[in-house]
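So the structure is just underneath, and the comments pick up after that.
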Amino acid sequence: MTPRLDAISIITADLAASLAFYRRLGLDIPAGAESAPHVEVVLPGGQRLLWDTEDVILSFDPSWERPAGGERLGLAFVCDGPAEVDALYAELTGAGYAGHLKPWDAVWGQRYAVVLDPDGCGVSLFAAASESPASGAK
């Protein structure tokens with residue numbers, strides 16, 4: 001048997017705030033999910049994105065501590081073009097989410113920006129520097 005990556009998990013201090021942020025990025029999160037301590041969605045391609053509250057993690061791992069001093073994992077969302085990176089960054093920061101890196105033209109040929117989710121995790125927004133749809137990962 002060969003292990004396969006199946007899911008990425010976000011541990012959040014405020015589930016409702018985290019779900020609202022990721023809904024703005026186009027994830028199809030069921031209405032009312034905020035009332036559950038664990039939420040998951042299936043992403044295009046079959047992987048899953050999971051959310052658990054800190055209380056859920058502490059229920060089975062009482063020694064767990066909130067990470068401090070930097071990110072351990074980053075998520076990246078591909079956009080259709082540079083203008084969408086700029087517009088999405090403006091929408092998210094306009095809605096009160098913290099911008100970490102304003103959109104810029106990266107030396108690796110992408111329009112790139114980073115916004116912080118409600119738990120302070122960096123979420124990259126990127127697109128190919130040309131107006132053609134972006135493909136691949138950062």
Side-chain angles (χ1 to χ4, degrees):
M1 179 175 166
T2 302
R4 300 178 328 272
L5 178 64
D6 177 69
I8 298 167
S9 181
I10 297 172
I11 301 169
T12 181
D14 185 337
L15 183 62
S18 187
L19 296 180
F21 176 84
Y22 287 98
R23 279 187 181 113
R24 285 182 175 270
L25 287 169
L27 296 184
D28 187 19
I29 301 167
E34 298 78 5
S35 63
H38 172 85
V39 177
E40 57 184 77
V41 297
V42 177
L43 304 172
Q47 277 82 24
R48 296 174 301 139
L49 185 57
L50 318 174
W51 288 264
D52 288 295
T53 64
E54 292 177 350
D55 289 340
V56 166
I57 302 304
L58 287 167
S59 75
F60 63 82
D61 183 0
S63 66
W64 180 83
E65 294 181 17
R66 180 184 295 166
E71 298 173 38
R72 308 291 191 278
L73 175 71
L75 299 177
F77 286 75
V78 65
C79 297
D80 287 333
E84 187 180 13
V85 172
D86 294 356
L88 188 52
Y89 182 89
E91 176 191 330
L92 291 168
T93 57
Y97 299 105
H100 181 67
L101 296 172
K102 292 180 180 181
W104 85 97
D105 293 324
V107 297
W108 55 86
Q110 293 176 333
R111 184 72 172 164
Y112 211 91
V114 180
V115 184
L116 300 180
D117 79 0
D119 292 292
C121 297
V123 176
S124 297
L125 310 172
F126 72 97
S130 68
E131 286 298 327
S132 63
S135 63
K138 72 173 191 172

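Nothing here was measured: the structure is a model prediction, and the numbers come from that model.
Closest approach of Pro118 to Tyr97, counting heavy atoms only: CG-CE2, 4.0 Å. When every heavy atom of Ala127 is checked against every heavy atom of Pro82, the shortest pair comes out as CB-N, 3.8 Å.
Follow the hydrophobic side-chain contacts under 4.5 Å out from Val56 and you reach Trp64 in the same cluster.
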Under the criterion side-chain contact (heavy atoms from CB on, under 4.5 Å), I'd like the reasoning laid out for Val114 against Tyr89: C-alpha separation, chi angles, the key distance, then a yes or no. CA-CA 8 Å; Val114 180; Tyr89 182 89; over 6 Å; no
Residue pair Ser59, Ile57: steps toward the side-chain contact (heavy atoms from CB on, under 4.5 Å) verdict: CA-CA 5 Å; Ser59 75; Ile57 302 304; over 6 Å; no
Can you check side-chain contact (heavy atoms from CB on, under 4.5 Å) on Thr12 and Asp52, steps first, answer last? CA-CA 6 Å; Thr12 181; Asp52 288 295; over 6 Å; no
May I have the step-by-step check of side-chain contact (heavy atoms from CB on, under 4.5 Å) for Ile8 and Leu75, ending in yes or no? CA-CA 9 Å; Ile8 298 167; Leu75 299 177; 4.1 Å; yes
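Here Glu34 contributes atom CD and Leu15 contributes atom CG; the two are 7.0 Å apart, rounded to the nearest 0.5 Å. Arg111 CZ to Cys79 SG: the interatomic distance, rounded to the nearest 0.5 Å, is 11.0 Å. Between atom CG of residue Leu58 and atom CD of residue Glu65 there is a gap of 9.5 Å, rounded to the nearest 0.5 Å. Taking CD from Glu91 and CD from Glu84, the interatomic distance works out to 10.0 Å, rounded to the nearest 0.5 Å.
At least one side-chain heavy atom of Val78 sits less than 4.5 Å from a side-chain heavy atom of Phe126. Put simply, the side chain of Pro103 does not reach to within 4.5 Å of the side chain of Tyr112, judged on heavy atoms. Proximity of Asp6 to Arg48: side-chain heavy atoms (C-beta onward) are separated by under 4.5 Å at one or more points. No side-chain heavy atom of Cys121 sits under 4.5 Å from any side-chain heavy atom of Leu116. Within the 4.5 Å cutoff, the side chain of Ile10 has heavy atoms near those of the Tyr22 side chain.
For the side-chain contact (heavy atoms from CB on, under 4.5 Å) with Val115, the qualifying choice from Leu88, Leu92, Leu101 is Leu92, the only one to do so.
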If you look only at distance, which donor and acceptor atoms sit under 3.5 Å apart when one is on a side chain in residues 25-33 and the other is two or more places apart or in another chain?
none

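Defined by atom type and a distance below 3.5 Å, a donor-acceptor pair is present between the side-chain atoms of Ser18 and Trp51.
Evaluation of the salt bridge (charged side-chain N to carboxylate O under 4.0 Å, His left out) test over residues 115-129, restricted to residues two or more places apart or in two chains, returns none.
With sequence neighbours left out, Asp14 forms a side-chain hydrogen bond (donor to acceptor under 3.5 Å, both in side chains) with no residue at all. In terms of the side-chain hydrogen bond (donor to acceptor under 3.5 Å, both in side chains) criterion, residue partners of Glu54 (sequence neighbours excluded) are, by chain and number, Arg66. Residues passing the ring pair (Phe, Tyr, Trp, His ring centres under 6.0 Å) test with Phe77, sequence neighbours excluded: none.
Other cluster members for Leu50: none, since no ILVMFWY side-chain heavy atom sits under 4.5 Å from it.
Here the side chain of Gln110 pairs no donor or acceptor atom with the backbone of Ala106 at under 3.5 angstrom.
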